[in-house]
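To start, the structure itself, in structure tokens.
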Amino acid sequence: MNDDEISIENMWTQSKSVFVNKSVLKVNYTPKKLSDALHREEIINRYQRYLIDVSRGLSPNNIFVYGKSGTGKSLVTKLVLKDLVQVASQRGMNVKVININCENLRTENAMWIDINSQMQELFNVENSHILWNSRSKHVAFFQSLFNKYNGILIIVLDEIDKAVDYNIINKLVRSVSDYNNQSPCLICITNDVKFQNYLESHVLSVLAQNELQIDPYNAEELCDILRARARIAFKNESITDIVIQVCAALSAQSYGDARLGISLLAKAGEIADEISRDYVIENDVRLANERLEIDRIVEVVKTLPTQSKLVLLSCIYTYEHMSKRECLTGNIYNIYKKFCIELDIDILTQRRVSDLITELDMLGIVNAVVVSKGRHGRTKEVVLDTNWRLLKNYCFEDSRLKFLKDFKYTSMFKSFF
DNA sequence: CCTCCACCGGAACGTGAGGAGT
DNA sequence: ACTCCTCACGTTCCGGTGGAGG
């Protein structure tokens, strides 16, 4: 047995941990009871009032829920509906809930397949042709089940603003709200207040019959929430209140995003585990914050199209090989053109490349500021974060760009300037 | 104070891919 | 299989701009 095998074995058998139940720090974890949704009593109360019609056997008005990310929109919705379904069934009433996550919903068909496979499950019907690619068949299937149903159907459209095609929402609302008797109740959840602008006015008036705005948590509320989770997740002696307060403060800075605070707790615990320390310290949280930010940027970089990655690489190389004050659109564009020729990729115009740099700036990958160089014109000056070396490697993962890895740059820069 | 650089950024337009309807 | 439509992506055109330098 060599050294490597021993250390790997140690990982499984001897590693100790600051956690006792890490699963409560997972992003998709939902608490069990309504009362577990801390500092949301008032919202829950209003939510229940909007849904009160259910107790009279009527389909409630549609609800539009707004709130920034990490304010507990989806969590409160899940808990309120779970409670509602339970209470209703105790009274012998029929309430069914369909959950659609609109994130990355590309086509209307994909949404219908999602809705109808849930309908199939809820109503216990067999239909092997559910993967139709015809909208009319899906609508007919949905209507036939819904018309036979003697109860209340609630359709939750979560992260509605992240649907790739907003028109899908318009079409869905038109297809499910044209009933003479009862229509399903639609609950739309979004963190984009401007989302309403993208909806047809008729659709909007149907959807936004009741509105629920959820404000971000303040630092104290975040502290309470994190404390409650930490109590379950960590060993008693592994975490101090100071650490929790730092997590709360950082997530309060990030517009009261509770999800961030919970991720920070998890990551900080992992960092303590890495070095087998029995407890989490404040510095672990700061380190965790940096790592989460890098993770986020890396994820974004990985999904960029090849041209954007090439522009990013051009920024990085200009930044690396020239003085920082020369990392300007014109210079970046020259490098970019050289790369395109080298890789036999279409050369975009400087106008377009300028837009791509602006996009990289908006994604938080680079920092592009418009500066005036007087006689030497106006341009964008690009500044990179400290982790640019890391980003370079992720750009090389693109099959078309990997050849640039061994490219000899020094001579190129000399010949240029 | 005026000029002029080097690019910014809005608007209009072209093009190809892909979905919807027939 | 065909046409029509929409949309993302990109180009072309052009007026606008802030401040160093004359």
Side-chain angles (χ1 to χ4, degrees), chain A residues 100 102-116 129-143 160-176 178 192 194-195 197-200 203 300-315 318-319 322-341 343-363 365-383 398 400-401 416-417:
Chain A
I100 306 291
C102 301
E103 190 173 8
N104 297 325
L105 210 57
R106 295 208 162 265
T107 61
E108 196 188 355
N109 213 47
M111 177 195 63
W112 275 115
I113 290 174
D114 198 357
I115 292 179
N116 276 342
H129 307 294
I130 198 78
L131 295 173
W132 299 304
N133 55 5
S134 154
R135 175 178 175 271
S136 47
K137 283 185 185 171
H138 275 296
V139 175
F141 180 73
F142 175 84
Q143 286 178 340
I160 194 171
D161 51 293
K162 290 198 184 140
V164 175
D165 181 1
Y166 293 143
N167 231 352
I168 294 175
I169 310 300
N170 288 322
K171 287 176 182 169
L172 171 76
V173 173
R174 274 188 263 121
S175 336
V176 303
D178 294 341
D192 184 1
K194 284 178 289 180
F195 178 74
N197 300 342
Y198 307 120
L199 296 175
E200 293 169 8
V203 168
V300 177
V301 169
K302 278 184 185 170
T303 57
L304 287 176
T306 305
Q307 284 286 8
S308 294
K309 280 191 197 137
L310 192 54
V311 170
L312 174 60
L313 263 182
S314 310
C315 293
T318 314
Y319 193 75
M322 305 178 73
S323 87
K324 311 244 142 102
R325 306 197 61 189
E326 284 176 302
C327 196
L328 312 171
T329 309
N331 293 341
I332 293 166
Y333 187 62
N334 284 333
I335 304 288
Y336 163 82
K337 279 192 292 189
K338 266 276 176 185
F339 283 163
C340 286
I341 294 166
L343 297 170
D344 198 20
I345 285 177
D346 290 347
I347 304 175
L348 303 182
T349 56
Q350 183 159 342
R351 174 75 186 85
R352 180 70 189 132
V353 169
S354 174
D355 272 349
L356 292 181
I357 295 175
T358 306
E359 277 173 32
L360 291 174
D361 175 55
M362 287 196 292
L363 290 168
I365 301 169
V366 304
N367 211 327
V369 195
V370 178
V371 292
S372 178
K373 301 274 175 187
R375 257 277 152 98
H376 307 290
R378 244 156 69 94
T379 179
K380 269 201 273 274
E381 197 175 273
V382 175
V383 181
D398 191 300
R400 294 175 74 188
L401 302 185
F416 249 138
F417 310 106

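A, B, ... follow the sequence lines: proteins, then strands. Residue 1 opens every chain. Just so you know, these numbers come straight off a predicted model, no measurement behind them.
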Donor-acceptor pair, distance only, cut-off 3.5 Å: does the side chain of A/Thr318 make one with the backbone of A/Ser314? yes
Would A/Leu348 and A/Tyr336 satisfy side-chain contact (heavy atoms from CB on, under 4.5 Å), going step by step from the backbone distance to the final call? CA-CA 9 Å; A/Leu348 303 182; A/Tyr336 163 82; 3.3 Å; yes
Just how far, in rounded Å, is P of B/dA6 from CD of A/Glu326? 14 Å
Rounded to whole Å, please give me the gap between NZ in A/Lys373 and P in C/dG19. 12 Å
Quick one: does A/Arg351 reach the base of C/dT11 with a side-chain donor-acceptor pair under 3.5 Å? no
So, does A/Thr329 get its side chain near the phosphate of B/dC7, meaning an N or O under 4.0 Å from OP1 or OP2? no
Report the distance from atom CD1 of A/Ile345 to atom P of C/dC9, rounded to the nearest whole Å. 17 Å
Can you check whether A/Thr379 has a side-chain N or O nearer than 4.0 Å to OP1 or OP2 of B/dA6? no
Less than 4.0 angstrom between a side-chain N/O of A/Arg375 and OP1 or OP2 of C/dG21, yes or no? no
Candidate pair A/Ile332 and A/Cys327, rule side-chain contact (heavy atoms from CB on, under 4.5 Å), full reasoning: CA-CA 7 Å; A/Ile332 293 166; A/Cys327 196; 4.0 Å; yes
Given B/dC7, C/dG10, C/dT12, the nucleotide with the shortest approach to the side chain of A/Gln350: B/dC7
Donor-acceptor pair, A/Gln350 side chain versus A/Thr329 backbone, under 3.5 Å? no
Quick one: A/Asp346 CG to B/dG14 C1', roughly how many Å, whole number? 15 Å
In whole angstroms, how far is the P atom of B/dA6 from the CG atom of A/Asn331? 11 Å
Give the rounded distance in Å between these two atoms: CG of A/Asp355 and P of B/dA11. 13 Å
From NE2 of A/His376 across to C1' of B/dC7 the rounded distance in Å is 14 Å
Indicate, with a heavy-atom threshold strictly under 4.0 Å, whether A/Ile357 touches base, sugar-phosphate, or nothing. nothing
Could you check whether the side chain of A/Ser372 and the base of C/dG19 have a donor-acceptor pair of N or O atoms closer than 3.5 Å, going by distance alone? no
In whole angstrom, what separates A/Arg352's CZ from B/dG10's P? 14 Å
Of the nucleotides B/dG9, C/dG18, C/dT11, which has the atom closest to the A/Lys380 side chain? B/dG9
From C-beta outward on A/Arg378, which listed nucleotide comes closest to its side chain: B/dG9, C/dG10, C/dG18? C/dG18
